Amino acid sequence: MQKNSFRWKIGGLAGNGIKAAGDIFAKTCTRGGLHIFDYLEFPSLIRGGHNTYQIRVEDRDVFSHDDRIDLLVALNDNAIRLHQNELDPGGGIMYDPRVITADVESLGAKGIKLFAIPLVELAKKYGEIVMQNTVSVGASFALVKYPFEILERVIHDAFAGKNDEVVTSNVLAAKAGYDFIEKEFSSVDFSHLLEPIGSSSTQLVVTGNDALALGAIQAGCKLYVAYPMSPSSSILHTMAQYGDQFGIVVKHAEDELSVANMAIGANYAGVRAMLGTSGGGFALMGEAVGLAGITETPLVMVGAQRPGPATGLPTWTAQSDLRFVLHAAQGEFPRFVIAPGDMEECFYTASEAFNLAEKYQTPVIILLDKYLSEGHKSVVPFDLSRVKIDRGQVAREKDLSGLSEYRRYAVTESGISPRAFPGTKGGLHIANSDEHDPYGYSEESSENSTEQMEKRLRKFDKAEVDIEQPKLTGTPNADVTLVGWGSTKGPIREAMQLLEGAGITANQLHIRFINPFPSKTVASVFRQAKKTVVIENNATGQLFGLIRERIGLEAHAKVLKFDGRPFHPREIKKSIEDILTHA
Amino acid sequence: MLKGQDFNTTYQPTWCPGCGDFGIWTALKTALDELQLDPHNVVVVYGIGCSGNMANNVKTYAFHGLHGRPIPVAEGIKLANHDLTVIIIAGDGDTYGEGMNHFISSIRGNHDVTLIVHDNQVYGLTTGQTSPTSEKGFKTKSTPGGVIEEPVNPVSLALSAGASFIARGFSGDTTQLTDLIKKGIQHKGFALVDTLQPCVTFNKINTFQWFYRRVYHVEKEGYIPNDWNKAMAKAREMERMATGVLYVRERPSYHASLPVLEKGPLVKQPLDGIDISKIYKDFV
Ligand SMILES: Cc1ncc(C[n+]2csc(CCOP(=O)(O)OP(=O)(O)O)c2C)c(N)n1
Ligand code: SF4
Ligand SMILES: [Mg+2]
């Protein structure tokens with residue numbers, strides 16, 4: 001019997017309420033003090049495709065999903081066909097015998113526990129057929145003997161705002177599922193138990209997109225503009241939902257060209273404006289990235305990656321836009337590229353991005369991906385005192401009065417020159433996409449072109465030491481150093497523990513700042529490491545190559561995955577073992 | 001009081017002698033002067049073209065952006081600080097070619113900006129290729145066999161999209177053009193001032209003389225710009241070209257329709273005192 005370590009998966013058709021069931025399941029666990037990490041798979045369809053939601057529950061912080069499961073709730077045959085092999089010994093399948101025609105008996109013979117339950121009938125008894133998702137959630141909690149009252153409260157809150165009938169019928173449906181299992185399977189020993197644990201603070205259940213949106217709101221983002229594109233769209237939805245409450249204008253613009261230019265206009269006028277998109281939309285914004293660069297306008301851009309090229313795999317995951325965003329736009333100018341690795345980093349990166357964009361007056365690109373953007377993790381509430389607002393050098397009326405002239409693009413030692421917002425007396429200037437003189441007037445002379453280019457690039461002379469350096473975590477002097485960026489942070493961390501369990505010591509270098517590149521730190525880690533392996537969700541090893549370019553050292557090996565699926569810890573462990581044995 | 005020349009910068013325009021852009025420049029500065037606008041409360045957003053090169057010659061806040069994209073930049077500025085007067089100077093290529101989607105969208109949203117289009121029926125800065133308003137059959141370097149496409153009619157297009165203020169001016173008539181620009185700025189919502197502008201270097205068909213023979217002032221014929229169908233008829237006249245205010249319909253502007261802006265411009269809202277913990281309840 002295993003207590004408080006449980007992997008649950010529900011699978012069915014798009015339209016079966018898979019997502020709602022997963023949301024409720026996750027929150028019911030976290031309200032009892034347990035920790036969760038979840039992962040959703042769905043095709044780019046509204047109806048009919050196969051959807052799954054899998055949740056890993058532990059009594060400690062969890063950092064990734066798992067490829068194995070303990071209980072499969074199968075709302076259709078496909079769910080059984082596709083996922084039966086993911087079940088670990090002692091696992092179970094919950095299904096409606098009147099819906100499922102697959103041969104479950106043979107699975108039973110292999111030791112998989114079978115939980116036949118009339119999901120549809122119970123759903124219809126209390127409401128609509130779609131409520132079989134709620135029935136199955138109730139039944140699942142009965143199997144692991146988790147108190148129904150917690151689930152009941154979550155359902156109440158989830159449907160708050162809808163009429164009482166919806167709340168009541170869902171509670172009744174969940175209870176019917178719960179009672180059915182208690183009554184019919186009381187003698188069956190299921191291998192897993194979930195039990196609430198005392199917890200001092202409430203946990204939030206957030207996606208990376210949620211965390212980033214919350215971070216942006218807290219950082220004083222006043223305008224959010226986007227054009228819908230998976231997996232960035234939920235940032236738009238969240239910002240729109242809370243816009244009125246926090247005084248934020250949220251604009252769904254006509255296209256991504258508009259999105260980028262509008263965000264630049266708003267930042268130029270003095271507000272903190274952010275935009276969100278995915279690779280395809282980012283491609284349309286290319287020229288505008290350079291516009292922010294040469295006009296020295298702060299611009300925070302969120303790019304949530306999915307596999308390409310072109311439309312690619314719209315609802316799946318990848319880390320294949322790194323090289324693209326590092327180089328997007330003609331010409332040369334400084335830009336930050338930051339790849340947060342988990343929900344906490346998403347939250348704090350938002351305010352950091354605004355501060356850097358305003359301090360350096362240049363674009364800041366935050367790279368997410370589907371795995372991070374749309375999966376949930378339980379987190380302790382964010383530390384709002386860590387969110388500092390630094391607007392950089394702004395020329396206000398009091399700074400300008402008495403000056404005989406204002407040079408917006410004054411050539412300074414740091415390369416940074418104070419910007420005046422329109423409406424400020426004494427601050428007239430041209431924010432100019434043409435090469436310009438210190439006042440902003442178009443100017444093509446050789447001296448001026450050189451001077452302004454050097455001024456802009458000089459802003460990054462010290463940026464490398466201004467950013468947070470990557471830290472080596474885990475065992476010092478380990479057998480292997482696992483190097484990654486972005487959303488592989490969690491799976492690598494979990495893989496490290498699996499490796500240690502197998503007698504291999506490992507440590508992890510998670511590179512969050514990719515531009516400017518923390519060369520000194522990375523080089524010193526590489527020089528001391530016994531063996532370095534770069535792990536990336538792409539086909540060409542983009543960070544692998546970048547490291548070689550920036551520090552002149554090459555990692556010993558790379559582990560790449562580019563099928564739209566995120567890494568899970570076990571496969572990382574296996575790859576590392578293979579690399580070490582063949583070395 | 002400010003004079004038109006108080007809006008001059010230390011730089012002289014670089015247009016060809018006799019270019020219609022000079023008239024638009026004069027009219028814009030005079031309009032700002034006559035409306036007694038403070039230069040620091042005006043932002044002019046410029047596209048890329050001969051038209052956009054005016055960025056160096058008008059002393060207000062200026063944003064010289066990308067080809068085709070001045071409209072969204074202007075919208076972003078207005079949303080951030082709706083106390084500012086926001087004007088766009090763009091070419092016909094900027095507006096009806098590269099940035100057509102923004103043109104239609106801004107009209108639909110009724111963003112409170114004034115768009116002055118230098119409609120010279122060519123791409124001036126790139127040395128005279130066809131533009132979306134070039135007449136069918138027009139021969140240019142990029143269309144030596146003559147333009148195949150039907151031209152865009154900016155006024156009828158704006159009408160179809162639901163524009164709340166549409167005027168057509170002529171750069172050879174700066175008195176009228178000044179008045180149209182002033183009315184456009186005063187209009188609360190999207191204002192189009194499509195301005196017929198001879199390009200003396202690359203357009204040998206639509207010359208000053210060509211326009212002088214055709215343009216007339218609609219108001220002198222008792223025209224009242226409140227009827228969509230009549231405006232559409234005026235837009236489509238070919239032999240004569242109607243100038244003046246062709247259509248006005250008051251409707252709320254985009255920023256005035258946003259409840260969050262009732263407290264005042266975004267740029268004046270404080271950034272401290274925000275507390276997201278009050279929405280944590282939605283995530284537990
Ligand atoms: C994205 C992009 N494409 C093309 C150009 C080259 N270009 C510069 S100005 C221009 C056309 C200008 O025509 P118009 O907008 O009518 O302005 P005009 O010069 O006639 O005033 C073009 C195509 C550019 N700057 N950017
Ligand atoms: S090329 Fe045409 S539009 Fe451009 S400045 Fe010369 S005359 Fe004017
Ligand atoms: Mg033109």
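The model shown is predicted, which means the values in this text are computed figures rather than measured ones. Below, chain A is the first sequence line, B the second, and so on; all start at residue 1.
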Novice: For chain A, which residues from residues 99-110 of chain B lie under 4.5 Å away (heavy-atom distances)?
Specialist: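 So the qualifying residues are B/N101, B/H102, B/S105.
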Novice: With a 3.5 Å cut-off and no angle check, do the side chains of B/Q129 and B/S142 form a donor-acceptor pair?
Specialist: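 Result is no, nothing qualifies.
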Novice: Do the rings of A/H429 and A/Y406 sit parallel, tilted or perpendicular, given the 30° and 60° boundaries?
Specialist: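 The arrangement is perpendicular - the two ring planes meet at more than 60°.
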Novice: Heavy-atom cut-off 4.5 Å, strictly under: side chain, backbone, both or neither for A/R391 against chain B?
Specialist: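 A/R391 touches chain B through side-chain heavy atoms alone.
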Novice: With a 4.5 angstrom heavy-atom cut-off, is it the side chain or the backbone of B/L266 that approaches chain A, or both, or neither?
Specialist: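 Contact with chain A involves both backbone and side-chain atoms of B/L266.
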Novice: Side chain, backbone, both or neither: which part of B/V284 has a heavy atom under 4.5 Å from chain A?
Specialist: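 Its backbone and side chain both get close to chain A.
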Novice: What part of B/D275 is in contact with chain A, defined as an atom under 4.5 angstrom from a non-hydrogen atom: side chain, backbone, both or neither?
Specialist: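 Answer is both: backbone and side chain atoms of B/D275 are under 4.5 Å from chain A.
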Novice: Hey, are the side chains of B/S277 and A/L384 touching, using non-hydrogen atoms and a 4.5 Å cut-off?
Specialist: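 Answer yes - side chains close enough.
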Novice: Side chain, backbone, both or neither: which part of A/K27 has a heavy atom under 4.5 Å from chain B?
Specialist: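 Just its side chain gets close to chain B.
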Novice: Under 4.5 Å heavy-atom distance to chain B, tell me which part of A/I430 shows up: side chain, backbone, both or neither.
Specialist: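 Both parts, backbone and side chain.
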Novice: Would you call B/K29-B/D6 a salt bridge at under 4.0 Å N-O?
Specialist: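 A salt bridge is absent here (no side-chain N lies under 4.0 Å from a carboxylate O).
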Novice: Does A/R386 count as lying over the ring of A/Y348, i.e. NZ or CZ under 6.0 Å from the six-ring centre, within 45 degrees of the axis?
Specialist: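 Yes, A/R386 sits over the ring of A/Y348.
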Novice: Side-chain contact test, heavy atoms from C-beta onward, threshold under 4.5 Å: evaluate it for B/T14 versus B/M54 and give yes or no.
Specialist: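 Sidechains of B/M54 and B/T14: no contact.
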Novice: Quick one: do the A/S401 and A/E397 side chains pair a donor with an acceptor below 3.5 Å?
Specialist: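 Judged by distance alone, the side chains do not pair up.
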Novice: Please flag which part of A/T297 lies under 4.5 Å from any non-hydrogen atom of chain B: side chain, backbone, both or neither.
Specialist: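 A/T297 touches chain B through side-chain heavy atoms alone.
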Novice: Is there a donor in the side chain of B/S131 and an acceptor in the side chain of B/D92, or the other way round, less than 3.5 Å apart?
Specialist: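 Looking only at side-chain atoms, B/D92 and B/S131 do form a donor-acceptor pair, the distance falling under 3.5 Å.
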Novice: Non-hydrogen atoms of chain A under 4.5 Å away: do they reach the side chain of B/Y46, the backbone, both or neither?
Specialist: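 Answer is neither: B/Y46 stays 4.5 Å or more from chain A.
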Novice: Select one option (side chain, backbone, both, neither) describing which atoms of B/D282 are under 4.5 Å from chain A's heavy atoms.
Specialist: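 Contact with chain A: backbone and side chain both.
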Novice: Check whether A/F246 gets within reach of chain B through its side chain, its backbone, both or neither, counting any heavy atom under 4.5 Å.
Specialist: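 Only the side chain of A/F246 comes within 4.5 Å of chain B.
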Novice: Under a 4.5 Å heavy-atom cut-off, does chain A meet the side chain of B/Y280, its backbone, both or neither?
Specialist: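 The answer is both parts of B/Y280.
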Novice: For A/I248, which atoms come within 4.5 Å of any heavy atom of chain B: side chain, backbone, both, or neither?
Specialist: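 A/I248 touches chain B through backbone heavy atoms alone.
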Novice: Which region of B/L261, side chain (C-beta onward) or backbone (N, CA, C, O), has a non-hydrogen atom less than 4.5 Å from a non-hydrogen atom of chain A, or is it both or neither?
Specialist: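 Only the side chain of B/L261 comes within 4.5 Å of chain A.
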Novice: Can you tell which part of B/K78 gets under 4.5 Å to a heavy atom of chain A, answering side chain, backbone, both or neither?
Specialist: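 No part of it gets close to chain A.
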Novice: Answer yes if the side chains of B/D21 and B/H118 hold a donor-acceptor pair under 3.5 Å, and no otherwise.
Specialist: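 Side chains of B/D21 and B/H118: pair found under 3.5 Å.
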Novice: Do the rings of A/Y441 and A/Y439 sit parallel, tilted or perpendicular, given the 30° and 60° boundaries?
Specialist: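 Tilted: the ring planes of A/Y441 and A/Y439 meet at 30° to 60°.
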Novice: Would you mind checking which part of B/I276 comes under 4.5 Å of any heavy atom in chain A, side chain (CB onward), backbone (N, CA, C, O), both or neither?
Specialist: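 Interface part for B/I276: both.
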